[in-house]
Number of protein chains: 2
Amino acid sequence: MSDNREKFLLTASALMEKQGYCGTGLNEILEKSGAPKGSLYYYFPDGKEQIASEVALRAGKIISGRIQERTRDQPEAGKAIHEFLYTVALRMEETEFHTGSTITMVAMESVAQSQRINQACREAYGMIIDAFKGVLLNRGMEEAKAVGIAEMIVAAVEGGIMLSRTYQSADYLRRVADHIRQMLDSKIN
Amino acid sequence: MSDNREKFLLTASALMEKQGYCGTGLNEILEKSGAPKGSLYYYFPDGKEQIASEVALRAGKIISGRIQERTRDQPEAGKAIHEFLYTVALRMEETEFHTGSTITMVAMESVAQSQRINQACREAYGMIIDAFKGVLLNRGMEEAKAVGIAEMIVAAVEGGIMLSRTYQSADYLRRVADHIRQMLDSKIN
DNA sequence: GTCTATACGGTGATAGAC
DNA sequence: GTCTATCACCGTATAGAC
């Protein structure tokens, strides 16, 4: 829990979110973090692979945490998730669309690169799916149905983020959010 | 339209689909394609950037073409798209999940890398969205509605492919396909 | 915990001969 | 059209001093 370790991981997250795993060099992370060069392999003895794994897990924790927090006060599932996704869209605009896809960036490359990173990405996505599932369960949806719908939400949202990133317009994600809300409202039957 | 140029582009497509833009080296493409080393910058004077752009555009053409062909004989939109997506799922299983995401792989990295590649990815996604839109229009859906739904389909499918890739299970994509069919059938009202 | 130095292979790209 | 040689730079990782 050292300060320099934390600084390093934070910078690595930002850079990999923007450029991906292969596109981000250790030297670049070192530079931008301002962390001491000598301590890299002290904190991360397994090198880049370990760093990327921790970046993915960290993102999974943060995002699932945000989902829980920001949906807490809204009793309707559709409205709660819709509001959350709109804040994500806003954040994408504020960060020049270099945000909202840490896990995706690392996950896509990991399949051909590293078993360890791939496993971390699975766990990270698992946390997010579980978070959405929790929102649905708390509003009275039955377990079996909630898992499937939570997966659908994650798929649609990740795709929407990807389109928004490519076209540099958060409206793709917003339309996905609108559709999800509409779907959830109709599923209440 | 030389043979060696074609060989080269084909190999580049396969490798970038698997490993992404930064993760794929020109030397690797050269080796695996068997194309002559000396002709790389003769066919692609703008280097890697040009290659990736052509890879993305090529993928857009191929995929949109497949959508048109394989949905032609099925009069119901929901069923047609569902069947198409199931063939994609099958193909993912057959290729160890290194398939179905050429544009996505290149697109995610391109935003921070190259304006030119990014533009090519927009056009490529445009072709795919148009292809799905065409399927819906041909079955009688009105224009304005069709664009939005086509975008939703692409978002959900891309997200589903990404989850399938990460978890090495085509069932994520299949569940997305099931959901899309259900959605389209209900939209007929 | 942090530093410096360094090893070693790889990267995209270019020049000039044939 | 293709080849070879070569460029300058970058990548990750390690060793050993402090």
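Below, chains carry the letters A, B, ... as their sequence lines are ordered, and counting in each starts from 1.
As a whole-Å value, the separation of L30(A) CG from dG11(D) C1' is 13 Å. In this structure, Y21(A) atom OH and dG11(D) atom P are separated by 13 Å, rounded to whole Å. Taking atom CD1 on I51(A) and atom P on dT12(D), their separation rounds to 9 Å, with Å as the unit. For the pair F8(A) CZ and dT2(C) C1', the interatomic distance rounds to 14 Å; values are reported in whole Å. E28(A) places its CD atom 16 Å from the P atom of dA13(D), with the value rounded to the nearest Å. We find that CD of Q50(B) is positioned 14 Å from C1' of dG12(C), with the value rounded to whole Å. The CD-C1' distance, from Q113(B) to dG12(C), rounds to 12 Å in whole Å.
The stretch residues 35-48 of chain A touches DNA chain C through P36(A), K37(A), G38(A), S39(A), Y42(A), Y43(A), each having a heavy atom under 4.0 angstrom from the strand.
Pairs passing the salt bridge (charged side-chain N to carboxylate O under 4.0 Å, His left out) check and including a residue from residues 154-181 of chain B, sequence neighbours excluded, read E151(A)-R175(B), E93(B)-R174(B), D171(B)-R174(B), R181(B)-D185(B). Here salt bridge (charged side-chain N to carboxylate O under 4.0 Å, His left out) pairs that include residues 105-126 of chain A, with residues two or more places apart or in two chains, are D46(A)-R116(A).
Not counting sequence neighbours, the partners of L10(A) by the side-chain contact (heavy atoms from CB on, under 4.5 Å) test are R58(A). With sequence neighbours excluded, the residues satisfying salt bridge (charged side-chain N to carboxylate O under 4.0 Å, His left out) with E54(A) are R5(A).
The phosphate of dT2(D) has OP1 or OP2 within less than 4.0 Å of a side-chain N or O from N4(B). Contact annotation: N27(B) does not reach the phosphate of dG10(C) (side-chain N/O to OP1 or OP2, under 4.0 Å).
Other residues sharing the hydrophobic cluster of I117(B), ordered by chain and number and joined by side-chain separations under 4.5 Å: F8(B), L9(B), L15(B), M16(B), Y21(B), L26(B), I29(B), L30(B), L40(B), Y41(B), Y42(B), Y43(B), F44(B), I51(B), V55(B), V106(B).
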**Message:** Using salt bridge (charged side-chain N to carboxylate O under 4.0 Å, His left out), reason through E143(B) and K133(B) one step at a time and then give a plain yes or no.
**Reply:** CA-CA 8 Å; E143(B) 173 87 16; K133(B) 195 182 90 179; 3.3 Å; yes
